[in-house]
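Some notes on the structure that comes next.
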Amino acid sequence: MTFKELIQQGIPSVLPEKKPYDQSINHAPKRKEILSKEEKELALRNALRYFEPKHHATLLPEFREELEKYGRIYMYRFRPDYKMYARPIEEYPGKCEQAKAIMLMIQNNLDYAVAQHPHELITYGGNGAVFQNWAQYLLVMKYLSEMTDEQTLAVYSGHPMGLFPSHKDAPRVVVTNGMMIPNYSKPDDWEKFNALGVTQYGQMTAGSYMYIGPQGIVHGTTITVLNGFRKIKKEPKGGLFVTSGLGGMSGAQPKAGNIAGCVTVCAEVNKKATETRHSQGWVDEVISDLDMLSKRVKEALANKEIVSIAYDGNVVEVWEKFAEENIYIDLGSDQTSLHNPWAGGYYPVGLTYEEANEMMANNPEEFKKEVQKSLRRQVEAINKHTAKGTYFFDYGNAFLLEASRAGADVLSTEKNKEFKYPSYVQDIMGPMCFDYGFGPFRWVCASGKPEDLQKTDEIACVVLEELMKNSPKEIQQQMQDNITWIKGAQENKLVVGSQARILYADSDGRVQIASAFNKAISEGKIGPVVLGRDHHDVSGTDSPYRETSNIYDGSRFTADMAIQNVIGDSFRGATWVSIHNGGGVGWGEVINGGFGMVLDGSTDAQRRLENMLFWDVNNGIARRSWARNDEAVFAIKRAMQNNPQLKVTLPNFVDDKLFK
Ligand SMILES: NC(=O)c1ccc[n+]([C@@H]2O[C@H](COP(=O)([O-])OP(=O)(O)OC[C@H]3O[C@@H](n4cnc5c(N)ncnc54)[C@H](O)[C@@H]3O)[C@@H](O)[C@H]2O)c1
C-alpha cells in the first residue's frame, strides 16, 4: 500500500504483525501502578472498543501485558511502518488543504528526531502526549484524510469523537486535553484517568500539534538572558551567567548565552546529558575540575570571550567555589527540574550521580533530606553572591518554592512579596514582552522546502524593519532583538523536523508578517504556511507561578483568559484550536491553549488572520492592563488608537496615600 492508502485505511481490519519492543528508542518510563483490578478491566474494555470483536481475543492478552508492564496501553502493534516526519503537504491524501496541513503537523510531533518517546506518542516533557495510543493516531489521520471544508473533527484528549458538520470558517479540528472537573485534577487523577484511557496530558504544544523542536526554547532563553543583562544595565560581553542543567529545555542556556554574547557556566551532573549537548555544539567546552574551571572563567572574562562552559558536576559546588575565588557573577539562575524534586529532578551535592540514583530508589526518605540539605547549601552560596550584586532569578522550575520548603533563606521580608528573588516572568518575560504583546509567534512552511523558510525569514525581516521605523521607544528594543534574531536564524541552523521558525512578535508584527506571507503565497513565491505559537504566551496561558505570575490583582488563580482566548480564536478563523489542563508546571496548575492557522494565499485567509491574530494577542494585553500592569495599559491604549473597533475597559489607579 502507498503512504496515502495507509493513511486512508485508518485502523486495519487485518491485524498487523505484533511488533517487538524496540530497545534502540528512548521509551517513556513505566507509569505508576494505580488501577484496581476492576479498573484494569475497564481500561482493557476501553482499549478494545477501537477494534472489531473478532480481534478481541488476540488483543486482550497483549493489551493486558502492556498495562502491567508499562502502566498504559499504547497498542504498539498498530504503530505504522512508514517513516514518521512532516512530509510536504501535497503528499498527504484528502479533500481539504487545511486538514492536510494538520496531518503534517501531527507527524512532525511524532518524528523520531523531534519526539522524546516516539513509540509512546510523547513529544516532550516526559508526558506531553499527542495521542494516548496508536488507534487514536490512525483514526485521526483517517478522519483528516476524509474531511471536507464543511466538517469539524472533535478530539477529546487524543480520542477522535468524530467528524461533525460545520462550515468553512469553523476550525477544522477542536482539541481538548486533560479537561477535568476541577476536583479531579490532582497529579494522581492524571495517572488514573490516563491509565483508564479517558484523558491525557497534552503539555503545551505536544497535544496541539505545534511543537517545533528545540528552536522555540533557544529563542525564549536568548530573550531572557539578553533582557536579564539589560535589567542590570550591563553589556553581555565580558559578563558572566551561571546556571545549571543541560537537559531538555535547560540545554538551551549555553547556546542562548553565546547568542547573547556572554560567558556562560552551566553545571550538569549527568555526564550523558553533557556529552549530548557538547556533541551537538550547544556548549563549547567541558571542564570537570573546579580549579581549572575558575582559571578558565577568569581568563574568558578578562578577554571578553563569548564562550559557554559545562561544569561536569554539581551546581552547588560552582556557586561555592566562585564565592571563594571572588568571581563576580552578573546573572544567575537554576534550571534543575525542581518541579520533580524527589524522583530525579534535582541531584544533591555530596553524592555521586550513581549514589543519588541508588538512594532515590532504595531510601527515598533519606534522599529527600539530602535534596533539602543541598538546596539550603545552594541558597546560602547564592545569597553570598547576590549580596555583592548578582542578579538571580527563578527559571520557572520551582527552585524558590522547593528551596523555601527546604527551609532555605529565600523568603522575602517585604510586604506582598513571597520570595527574595523574582521569577523570569515576573521581572523579564512579563513586563518586557508579554505585557506589550510580544510572544512566541511561529510558522511552518508546509512545502517542506528550506528555500521557502529562507524566503519567509527575509519577508519577516523586511516587515519588522519597516514597523520599527514608526514604533514607540517603549518597544524599540524588542523590535531590534527580533530583527537580530531573524537575521541570524539561518546561520544558527536551528531547524529540527519541519521547516519552522519562531519569532517573538507583538500584535502588529504578527498580523503584518502573516499578511506578507499570505501575499507571497498568492503570488506563487512560496507554498502554504502554517501559523501558530507556543502556549507560553501573552494570552494563551493562565499559570499563576509562570505565565501569569506578574498579575498582581489576585486574578492569577483564575483561568478566564485562556478559555476566552481559545473560544475567541475558534470563531475568528483558526484552522484548529486546543485547550489543555497542565503544561510545563503540572496537571491542575495551569490552563493553556493554542491555535494553528493555515495560510493559502486566499482572501479568506487574509480576513481570518487579521481578525484572529489581533484578538489572540490583544485579549491577553487587555487582561494584563486590567490587572494594572503599566506596560499593558500602554500597549492596549495604542491598540485602541490603531483600531477604533477595539474598546477595552481600562483600570483607574488608586492613590496609595488613601491607604496610609
Ligand atoms: N527553559 C525554559 O524556558 C523553561 C521555562 C519554564 C520552566 N523551565 C523549567 O526548567 C526545568 C528544567 O527543564 P528541562 O527540560 O531542562 O529538564 P531536564 O530534567 O531535562 O534537565 C534538568 C537537568 O538538571 C540536571 N541537574 C539536576 N540537579 C542538578 C544539580 N544539582 N547540579 C547540576 N545539574 C543538575 C539534571 O541532570 C538534568 O539534566 C524544569 O523544571 C522546567 O519546567 C524551563
Side-chain angles (χ1 to χ4, degrees), residues 3 6-7 9-12 15-33 43-44 46-48 50-51 55 58-87 103-142 155 157-160 177 190-191 194-203 205-214 247-248 272 276 344 496-498:
F3 170 69
L6 286 166
I7 294 283
Q9 167 185 241
I11 296 175
L15 286 186
E17 284 295 301
K18 196 175 167 194
K19 291 200 165 53
Y21 189 76
D22 184 345
Q23 297 289 359
S24 67
I25 285 277
N26 186 358
H27 287 285
K30 179 180 183 329
R31 306 295 183 191
K32 186 165 162 176
E33 168 105 29
L44 289 163
N46 287 348
L48 289 173
Y50 286 100
F51 306 95
H55 298 313
T58 313
L59 294 176
L60 178 61
E62 196 173 310
F63 289 175
R64 184 177 282 132
E65 191 189 335
E66 287 189 17
L67 188 59
E68 294 298 337
K69 257 190 167 160
Y70 313 115
R72 298 290 184 272
I73 303 169
Y74 297 112
M75 311 180 182
Y76 288 122
R77 177 195 285 260
F78 294 92
R79 189 165 49 75
D81 291 319
Y82 50 73
K83 192 167 180 273
M84 195 64 83
Y85 69 103
R87 292 167 167 72
M103 286 193 249
L104 172 169
M105 298 294 284
I106 289 175
Q107 291 206 316
N108 189 59
N109 270 22
L110 295 171
D111 182 339
Y112 285 21
V114 172
Q116 186 182 17
H117 308 306
H119 289 187
E120 287 79 28
L121 303 111
I122 301 285
T123 303
Y124 71 99
N127 52 5
V130 191
F131 300 105
Q132 298 176 59
N133 57 54
W134 287 102
Q136 294 180 343
Y137 164 83
L138 294 173
L139 268 180
V140 165
M141 295 299 275
K142 178 180 159 64
V155 181
S157 283
H159 171 70
N177 277 310
W190 169 72
E191 294 279 1
N194 188 223
L196 281 176
V198 295
T199 194
Q200 73 174 7
Y201 190 80
Q203 274 282 9
T205 50
S208 66
Y209 327 141
M210 194 42 78
Y211 191 69
I212 57 164
K272 262 197 177 155
T276 304
V496 178
S498 59

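These values consider heavy atoms only, across backbone and side chains, with no hydrogens, waters or symmetry-generated copies. This is a predicted model, so every value here is computed, not measured.
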Would you name the heavy atoms of [X] and [Y] that are closest together and state the gap between them?
| X | Y | answer |
| --- | --- | --- |
| Y76 | E66 | N-OE2, 3.2 Å |
| G71 | A195 | O-CB, 3.8 Å |
| V140 | G158 | CG2-O, 4.1 Å |
| V130 | A206 | CG2-O, 3.8 Å |
| D111 | G497 | OD2-CA, 4.0 Å |
| S498 | A86 | CB-CB, 4.0 Å |

Next on the checklist: Is there a side chain to side chain contact (heavy atoms under 4.5 Å, CB included) between Y21 and K69? Walk through the geometry before answering.
Outcome noted: CA-CA 12 Å; Y21 189 76; K69 257 190 167 160; over 6 Å; no

Checklist entry - Hey, does the side chain of H55 reach the backbone of L48 with a donor-acceptor pair shorter than 3.5 angstrom? => result no

Next on the checklist: Under a 3.5 Å distance rule, please check whether Q116 uses its side chain to pair with a backbone N or O of I122 as donor and acceptor.
Outcome noted: no

Measuring only between side-chain heavy atoms, which start at C-beta, is [X] closer than 4.5 Å to [Y]?
| X | Y | result |
| --- | --- | --- |
| R87 | F3 | yes |
| Y137 | M84 | yes |
| N133 | I73 | no |
| V155 | Y209 | yes |
| H119 | Y74 | no |
| T123 | T205 | no |
| Y201 | N194 | no |
| R31 | N127 | yes |

What distance separates [X] [atom1] from [Y] [atom2], expressed to the nearest 0.5 Å?
| X | Y | atom1 | atom2 | result |
| --- | --- | --- | --- | --- |
| S208 | M105 | OG | CE | 8.0 Å |
| L139 | I11 | CG | CD1 | 4.0 Å |
| F131 | N177 | CZ | CG | 9.5 Å |
| M210 | N108 | CE | CG | 10.0 Å |
| I7 | Q107 | CD1 | CD | 5.0 Å |
| L104 | Y85 | CG | OH | 10.5 Å |

Checklist entry - Are Q136 and Y50 close enough, and set up right, to give a side chain to side chain contact (heavy atoms under 4.5 Å, CB included), and what steps lead you there? => result CA-CA 8 Å; Q136 294 180 343; Y50 286 100; 3.1 Å; yes

Item to check | Trace of the side chain to side chain contact (heavy atoms under 4.5 Å, CB included) decision for K142 with L138 | outcome: CA-CA 6 Å; K142 178 180 159 64; L138 294 173; over 6 Å; no

Checklist entry - Using 30° and 60° as the class limits, which term best fits the ring planes of Y211 and Y124: parallel, tilted or perpendicular? => result parallel

Next on the checklist: If the threshold is 4.0 Å, N to carboxylate O, is there a salt bridge linking E62 and R77?
Outcome noted: yes

Item to check | Residue that, paired with R72, satisfies salt bridge (charged side-chain N to carboxylate O under 4.0 Å, His left out) out of E33, E65, E191, E120 | outcome: E191

